[in-house]
K.L.:
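The structure's right below; bear with me while I get my questions together.
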Amino acid sequence: MIKIAPSVLSCDFSKMGEEVARMDRCGADYIHIDVMDGHFVPNITFGAPVIKCIRNRTEKVFDCHLMISDPLKYAEDFAKAGADIINFHIESDSPTEETIEKILSLGCKAGLTVKPATPVEEVYEYLDKLSMVLIMTVEPGFGGQKFMQDMMQKVSALRAEADRRGLELDIQVDGGISPETAPVAIAAGANVLVAGSAVFSAEDPSAMIKTLRG
Ligand code: DX5
Ligand code: ZN
């Protein structure tokens, strides 16, 4: 089953609660929430207080993608705000193992994210504790960028490794997902697709979500 995670980065921030409720009605599986600190990436979005405010607008899974330098320090804030999955970057300054343990101890699912230049093999030693691995298909920081097709090698290698170990791992791709690129990502082994501009700029977001799901 393919899951679609609309990214609120592309929504109208003046009515974020309504936008999240709208995505729920349109058939989103997860709500993808991009947190940027202006330090790990050259852009700033919002933090835990904003997530807390939109939490009661939907019961869908809040899939938080932390593009911040110190996820260990802030994990508890995001858990308390209502995150279900906390994805952080392996390239962050926080110790990976300890951050995963912290997220799990807070009752959330843990996800590990790799930027385009990071080999996917770096996540292998943590796979048994992860619910999700997020493979970036653009440089993190901004919506509306072009899909990096060469990341598909990482997706298929990771899917093969997860299958070899008998793990039911969510493999998420993020960046440049469209009706053209979604089938490419699915064929490589991804089962969770983030879509920002594709869904939010669609005239009919429900139809777009169905199209992306394939
Ligand atoms: C980029 C974010 C993405 C972004 C994707 O750093 O992590 O989630 O919203 O946007 P699109 O789908 O427009 O490429
Ligand atoms: Zn994201």
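Excluded from the calculations below are hydrogen atoms, water molecules and symmetry mates; all remaining heavy atoms, backbone and side chain alike, are included. Both counts, for ligands and for their atoms, begin at 1 and track the order of listing.
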K.L.:
Going by distance alone, is a donor N or O of one side chain under 3.5 Å from an acceptor N or O of the other, for Asp170 and Ser131?
P.N.:
no
K.L.:
Side chains of Thr45 and Asp34: any donor to acceptor distance under 3.5 Å?
P.N.:
no
K.L.:
Can you confirm if the aromatic rings of Phe46 and Phe13 lie within a centre distance of less than 6.0 Å?
P.N.:
yes
K.L.:
Can you name the atoms of ligand 1, numbered from 1 with element, that are less than 4.0 Å from a heavy atom of His65?
P.N.:
7 (O)
K.L.:
Might you confirm whether atom CD of Glu101 has over 12 heavy atoms from other residues, nucleotides or ligands at distances under 6.0 Å?
P.N.:
yes
K.L.:
Answer yes or no: does an N/O atom from Gly175 fall short of 3.5 Å to an N/O atom of ligand 1?
P.N.:
no
K.L.:
Can you sort out which atoms of ligand 1 are near Asp174, meaning under 4.0 Å from one of its heavy atoms?
P.N.:
2 (C), 3 (C), 4 (C), 5 (C), 7 (O), 8 (O)
K.L.:
Which bit of Ala195 gets closer than 4.0 Å to ligand 1, counting heavy atoms only: side chain, backbone, both or neither?
P.N.:
backbone
K.L.:
List the steps, then state whether side chain to side chain contact (heavy atoms under 4.5 Å, CB included) holds for Lys129 with Leu104.
P.N.:
CA-CA 9 Å; Lys129 290 180 176 161; Leu104 296 177; 4.2 Å; yes
K.L.:
Could Lys115 and Phe40 be counted as a cation-pi pair, given that NZ or CZ must be under 6.0 Å from the ring centre and within 45° of the axis?
P.N.:
yes
K.L.:
Thinking salt bridges, do Arg22 and Glu18 make one under a 4.0 Å N-O criterion?
P.N.:
no
K.L.:
May I ask you to identify the nearest protein heavy atom to atom 1 (C) of ligand 1, giving residue, atom name and distance to one decimal place in Å?
P.N.:
Phe142 O, 3.5 Å
K.L.:
In Asp34, the N, O or S atom nearest to the Zn ion (ligand 2) is which?
P.N.:
OD1
K.L.:
What is the closest protein heavy atom to atom 10 (O) of ligand 1, and at what distance does it sit?
P.N.:
Gly143 CA, 3.5 Å
K.L.:
For atom 14 (O) of ligand 1, which protein heavy atom lies nearest, and how many Å away is it?
P.N.:
Gly176 N, 2.8 Å
K.L.:
Using a plain distance cutoff, I'd like to know if Gly141 has any nitrogen or oxygen under 3.5 Å from a nitrogen or oxygen of ligand 1.
P.N.:
yes
K.L.:
Please check if the number of heavy atoms outside Lys60 that lie under 6.0 Å from its NZ is greater than 12.
P.N.:
yes
K.L.:
Would you find more than 12 non-hydrogen atoms of other residues, nucleotides or ligands less than 6.0 Å from Phe200 atom CZ?
P.N.:
yes
K.L.:
If you take all heavy atoms of Tyr124 and Ala157, which pair is closest and at what distance?
P.N.:
OH-O, 3.4 Å
K.L.:
State which residue, out of Val133, Ile135, Leu193, Asn87, fulfils the side-chain contact (heavy atoms from CB on, under 4.5 Å) condition with Gln172.
P.N.:
Asn87
K.L.:
Taking just the N, O or S atoms of Asp174, which one is nearest to the Zn ion (ligand 2)?
P.N.:
OD2
K.L.:
What are the atoms of ligand 1, with element, lying closer than 4.0 Å to any heavy atom of Ser197?
P.N.:
11 (P), 12 (O), 13 (O)
K.L.:
I'd like to check which ligand 1 atoms, numbered from 1 as shown, lie under 4.0 Å from a non-hydrogen atom of Gly144.
P.N.:
10 (O), 11 (P), 13 (O), 14 (O)
K.L.:
Run down the list Ser201, Pro140, Ser7, Gly196 and name the one with the heavy atom closest to atom 9 (O) of ligand 1.
P.N.:
Ser7
K.L.:
Give the atom numbers and elements of ligand 1 that come within less than 4.0 Å of a heavy atom of Val194.
P.N.:
8 (O)
K.L.:
Using a strict 4.0 Å cut-off to heavy atoms of Met67, name the atoms of ligand 1 that fall inside it.
P.N.:
6 (O), 7 (O)
K.L.:
What atoms of ligand 1 come closer than 4.0 angstrom to any heavy atom of His32?
P.N.:
8 (O)
K.L.:
Could you tell me which N, O or S atom of His65 is nearest to the Zn ion (ligand 2)?
P.N.:
ND1
